[in-house]
Amino acid sequence: MTPPRKRKIRLIAALTSAVVLAGALVYTSFTAASPAVTPTQLLARAQPGQTYQLTGTVAPGSIHRAGNALDFSVADRAGGGRSVSVAYTGAVPDAFREGREVIVSVHRQGPGFVGDSGSLITKCPSKFAAAKTGSKPY
């Protein structure tokens, strides 16, 4: 086999491998993603053994701490929906408080939901959002 032909075969093999690996990476990225669900959606479709990304606002008056354990309820952001009680143990962000938007990974355990340790994320209100008085952001 001549050297130019060997180089051409190596180039084709390398390009084919790169395309296959890129395809696998894209496939893995899209299949591993789990969409966030609201409390109303979670209550409608929660299955034992499945983990869900729960998003919503911390319901007023629902935060109860006992040592490392934190119990709170997450309500739909739009209001008018249902709320889900979450038992969580793990690191709690400093910005965690009533009315704040959160995202937490949960799974059904008995009649309630348990948050996966280290999965609680607080969405801080943006300083660029329009004020409630109707003024425009900077």
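The first residue of the sequence shown is numbered 1, and numbering continues consecutively from there. Computed from heavy atoms alone, side chains included, the values below leave out hydrogens, waters and symmetry copies.
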Would you say that [X] contacts [Y] through its side chain, given a criterion of any heavy-atom pair below 4.5 Å between the two side chains?
X	Y	answer
Phe72	Val74	yes
Val92	Leu70	yes
Leu42	Arg108	no
Arg77	Lys123	yes
Leu15	Leu11	yes

Rounded distance [0.5 Å steps], [atom1] in [X] versus [atom2] in [Y]:
X	Y	atom1	atom2	result
His64	Ser73	NE2	OG	7.5 Å
Tyr52	Arg45	OH	CZ	7.0 Å
Arg7	Thr2	CZ	OG1	8.5 Å

Among all residues two or more places apart in sequence or in another chain, which pass the side chain to side chain contact (heavy atoms under 4.5 Å, CB included) test with Thr40? Thr38, Asp76, Arg82

List for me each residue that meets salt bridge (Lys or Arg N to Asp or Glu O under 4.0 Å) alongside Glu98, sequence neighbours excluded, and say none if there are none. none

Sequence neighbours left out, what passes salt bridge (Lys or Arg N to Asp or Glu O under 4.0 Å) with Lys8? Give chain and number order. none

Closer than 3.5 angstrom, by distance alone: can the side chain of Ser117 be matched with the main-chain N or O of Thr89 as a donor-acceptor pair? yes

For the student: nearest non-hydrogen atoms of Ala91 and Pro93, plus distance: O-CD, 4.0 Å

Phe96-Val104 co-clustered via ILVMFWY side chain contacts under 4.5 Å: yes

Only counting residues at least two apart or in another chain, list the ones meeting side-chain hydrogen bond (donor to acceptor under 3.5 Å, both in side chains) with Asp116. His107

Residues forming a ring pair (Phe, Tyr, Trp, His ring centres under 6.0 Å) with Tyr88, sequence neighbours excluded: none

Ring pair (Phe, Tyr, Trp, His ring centres under 6.0 Å) partners for Phe113, two or more places apart: none

Val86: which of Val102, Val106, Val114, Leu120 passes side chain to side chain contact (heavy atoms under 4.5 Å, CB included): Val106

Just by distance, no angles: are the side chains of Ser105 and Gln53 close enough, under 3.5 Å, to form a donor-acceptor pair? yes

